[in-house]
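Reviewing the structure listed below.
Hydrogens, waters and symmetry mates play no part in the numbers below; they use all other heavy atoms, side chains included.
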Amino acid sequence: MKSALERYWKGQQTEAELLRTQSEVEAEAWGAQRDAGITSVGLDSTLYDHVLDTIAWVGAIPQRFQHLSGLEQYFAMARGAEGATALDMSKFFDSNYHFLVPELEAGFSLRPNLEHVLAKVWHGQALLGAGAAVPYILGPVTFVSLARRAMPLDAALATILPAYEALLGELRALGVTQVQLHEPVLVTTAASSLQVSFEASYRRLAKAAGPGAEQLPGMQLSLVTYYDDVEEDVYRWAVQLPVAALHLDFLGVPGASFVNRNLEWIEKHGWPAVLDLGAGVVDGRSIWADKSGVASSLLRRLVQTGVPPGRLVCCSSAPLQHLPFSLDGEPDGSMSDELRGRLAFATEKLHEIVAAARNVVDKLPLVNAADSGGPAQPPAEAVHQDELSLERPEPYAVRRSKQIQLPPFPTTSIGSFPQTQAVRSARAAFRAGRLSTAEYQRAMAAHIGMAVGAQEALGLDVLVHGEAERTDMVEFFGQELEGFHFTHHGWVQSYGSRYVRPPIIAADVHFIKPMTVPEFKLAQSLTQRPMKGMLTGPVTVLNWSFPRKDISRKAQAFQLAVALRQEVAALEAAGCKVVQVDEPALREGLPLKSSRHAAYLRWAVDAFRCTTAVAAPEMQVVTHLCYSDFGDIMQAIEEMDADVLTIENSRSGNEMVAALAASGYGRDIGPGVYDVHSPLVPTVDFMKDKIRSFLATGVLAGHPDRLWVNPDCGLKTRAWPETLAALRNMVQAAAECRRELLEGHVEGGGQVEGGGQPAETLPAPGQGHSARPPTPVCRCCV
């Protein structure tokens with residue numbers, strides 16, 4: 001699918017060829033479920049993102065895309081088009097999957113288009129039979145909850161529910177007998193305030209799914225939750241909703257320190273005799289096999305609590321999209337027999353679902369639904385380490401003046417540069433043994449030299465080496481540390497055509513030797529300008545890996561922190577003056593219940609501080625955060641004690657910059673001035689307006705020398721021509737804003753070290769460009 005998408009975008013494949021590839025991928029995935037013995041198969045494919053699919057079929061198309069149609073419109077919402085900024089991107093709850101954020105504008109009206117949904121159902125029915133093909137639909141309350149909207153939630157629901165009712169009517173006409181409505185918002189803290197919204201919405205949907213005047217049979221509605229347990233008060237009203245089945249997660253987050261309580265709620269409050277229970281007992285977010293029989297044990301417990309065996313449906317605990325496809329793709333000899341025997345990818349999880357059901361009750365109905373993952377008992381906090389300081393030697397206010405000093409609006413990039421076909425070919429040749437180690441190192445050195453030379457020529461102030469030697473910002477460090485295993489074909493979708501291969505934390509993590517020092521020393525030798533040392537932070541490595549389940553996530557984070565701390569020390573010893581420790585995944589690990597936030601943030605922040613506390617006052621520590629709702633982690637950002645914070649910002653309407661300004665954040669900030677997800681090259685004026693709009697928020701008032709100018713994120717997915725053009729315009733925009741500041745023409749500038757006067761006038765932020773509302777993450781930095 002990835003290759004087909006990229007060929008289509010390059011004009012090398014027709015729409016018909018792209019859709020044929022999608023059909024083939026669907027047939028493989030759905031057929032694998034059928035062949036494993038799954039009796040109800042969720043029809044869950046997408047060209048780019050299932051939330052974007054919902055935007056499209058519901059017809060909630062923002063005004064700036066309505067002049068387009070078909071796939072041109074669909075992909076413009078995902079990637080942007082001339083004069084139309086793409087939809088914002090955010091992480092889907094606490095998973096590593098990205099979705100495109102719906103925009104429900106004031107007075108919006110719908111233009112439903114059910115064509116692609118119905119085509120998928122026709123395909124599924126032809127392949128599996130009408131009874132086994134179960135449409136998979138993002139539920140209306142979750143859809144509206146995820147959206148940026150200009151009206152109250154219930155008003156937005158009232159507008160979109162007719163589209164859902166129309167879809168259910170069409171599905172009933174096709175002979176569909178069951179529909180899955182996915183409502184993961186039910187496992188969040190917000191669910192407690194959504195009872196009235198759910199009850200009203202599902203009364204309407206139940207009526208639309210029921211028998212009508214046309215004498216068609218009714219459909220069963222299955223309400224599906226996942227990623228965590230529900231709160232006790234939510235459980236008590238959710239089981240009374242007018243649906244035929246409710247799917248619950250009985251596991252939790254893999255390696256989490258808190259216990260999933262759904263079983264406790266059933267034991268305490270009972271289970272309605274007329275309601276099917278979709279029991280999410282096979283871990284859909286962990287690659288570890290169920291060797292101890294947790295799934296079968298949970299099913300037996302549920303029967304013992306009084307759930308009738310005939311009402312019990314065995315499920316995965318989360319959509320299996322979060323796992324690699326199959327262990328069969330891993331070559332013989334690529335891992336030990338012992339490790340292979342402990343693993344289960346998506347295909348193997350299907351067999352675990354079937355086996356768990358058969359182990360408990362004969363003829364138990366089977367389904368691959370969607371619910372969530374984590375152990376029934378909290379894992380051990382088994383981390384043993386020497387006492388290490390979490391404090392930098394001097395506070396920010398003292399150490400900042402000892403670090404590099406640059407003019408107002410200093411320029412830099414976030415880390416990676418284009419991973420060209422030449423880079424990938426050299427890496428493939430090295431892995432295949434066609435290049436020696438020395439030859440491969442020379443090839444990477446050439447690419448590093450090109451990246452450094454390009455930045456010198458463009459005039460950036462602080463440089464990066466470009467990361468040509470790294471396939472992925474997590475994989476690279478895992479390969480250099482003890483305790484990780486890497487798959488050959490364990491790809492998982494991050495968004496669209498972006499797939500990642502998460503490493504597996506298989507044992508205790510230990511530092512072996514310096515990992516980034518050779519490339520840093522080479523790059524720094526090519527320039528007199530400061531060169532960043534580039535590291536991925538411990539929390540991001542953890543959150544973008546498959547963690548262990550026998551010890552806690554906290555314990556694993558501190559093992560990583562201790563190892564990365566030694567790398568910071570090694571870089572400093574090599575002469576590094578600026579080290580960037582990226583934590584784009586810090587926010588996404590936040591538990592879905594607000595009552596659990598403080599405990600997570602305490603160990604996550606402490607792990608980052610453990611990594612960076614070894615840095616001398618003269619060493620500038622930079623971190624990078626992706627699109628997030630910073631409001632609930634603002635104190636944690638402050639406590640990270642980084643010297644420079646760079647953030648993904650270009651699609652968010654400066655929401656995060658404004659939040660930082662409102663909080664009084666006083667350290668260096670580098671909000672992204674352009675979107676690295678789009679191939680469009682922003683103009684100088686566009687980026688000047690961005691810089692001015694940052695100042696207009698009041699952030700860092702009086703210190704434009706601490707307001708950095710940089711892209712949103714890493715540039716590895718972009719091509720060199722657009723990269724050079726965008727960076728050239730960015731540097732020119734910063735230079736012109738710097739000149740205007742010194743001439744007194746930029747408002748909010750304040751006093752600058754070495755001269756400069758406060759601003760007097762400023763054009764309206766974003767004038768002449770399409771405005772973008774706010775939001776939350778990206779994975780381009782991988």
Is the shortest distance from a Lys or Arg side-chain nitrogen in R470 or D582 to a carboxylate oxygen in the other one below 4.0 Å?
no
Shortest non-hydrogen pair, A426 vs M444, comes out as CB-CE, 3.9 Å
F345 side, atom CZ; T487 side, atom OG1 - distance, nearest 0.5 Å:
5.5 Å
Between CE on residue M89 and CG on residue D675, distance to nearest 0.5 Å:
8.0 Å
Non-hydrogen side-chain atoms of D228 and P591 separated by less than 4.5 Å:
no
Could you check whether the rings of F486 and F484 sit parallel, tilted or perpendicular, using 30° and 60° as the cut-offs?
parallel
Verdict with reasoning, K10 to E6, per salt bridge (charged side-chain N to carboxylate O under 4.0 Å, His left out):
CA-CA 6 Å; K10 293 175 182 176; E6 292 175 351; 5.5 Å; no
Would the Y136 and H182 ring centres measure less than 6.0 Å apart?
yes
Charged N to carboxylate O under 4.0 angstrom, R548 versus D508?
yes
Do the ring centers of H50 and Y97 come within less than 6.0 Å of each other?
yes
Can you confirm whether more than 12 heavy atoms, excluding those of D35, are under 6.0 Å from its CG atom?
yes
To the nearest 0.5 Å, what is the distance between CD (Q441) and CG (L522)?
10.5 Å
Angle class for the Y48/Y495 ring planes (parallel below 30°, perpendicular above 60°, tilted otherwise)?
tilted
Look at the rings of F92 and Y227 and say which category their plane angle falls in: under 30° parallel, 30 to 60° tilted, over 60° perpendicular.
perpendicular
Using every non-hydrogen atom in the two residues, find where D712 and G672 come nearest and quote the distance to one decimal.
OD1-CA, 3.3 Å
Is the closest side-chain heavy-atom distance between L299 and V281 below 4.5 Å?
yes
Under a 4.0 Å threshold between the charged nitrogen and the carboxylate oxygen, would E338 count as salt-bridged to R342?
yes
Contact summary for A78 and L52, nearest pair of heavy atoms
CB-CD2, 3.9 Å
If you measure from the Lys or Arg side-chain nitrogens to the Asp or Glu carboxylate oxygens, is any gap between R285 and D94 under 4.0 Å?
yes
For the residue pair F325 and A32, what are the closest heavy atoms and their distance?
CZ-CB, 4.3 Å
Centroid-to-centroid, F417 to W720, below 6.0 Å?
yes
Distance from S45 atom OG to E24 atom CD, nearest 0.5 Å?
12.5 Å
Regarding D53 and Y74, is there a side-chain donor-to-acceptor distance under 3.5 Å anywhere?
yes
Can you find a side-chain donor-acceptor pair between E648 and H677 that sits under 3.5 Å?
yes
When rounded to the nearest 0.5 angstrom, what is the spacing between CG in N543 and CD in Q556?
10.5 Å
Between V568 and T611 the two heavy atoms that sit nearest each other are CG2-O, 3.6 Å
Grab the two heavy atoms, one from V492 and one from F546, that are nearest each other, plus how far apart they are.
CG2-CZ, 4.3 Å
To the nearest 0.5 angstrom, please state how far the CD1 atom of I38 sits from the SG atom of C314.
8.0 Å
Does the pair E469/R427 count as a salt bridge with the N-to-O cut at 4.0 Å?
no
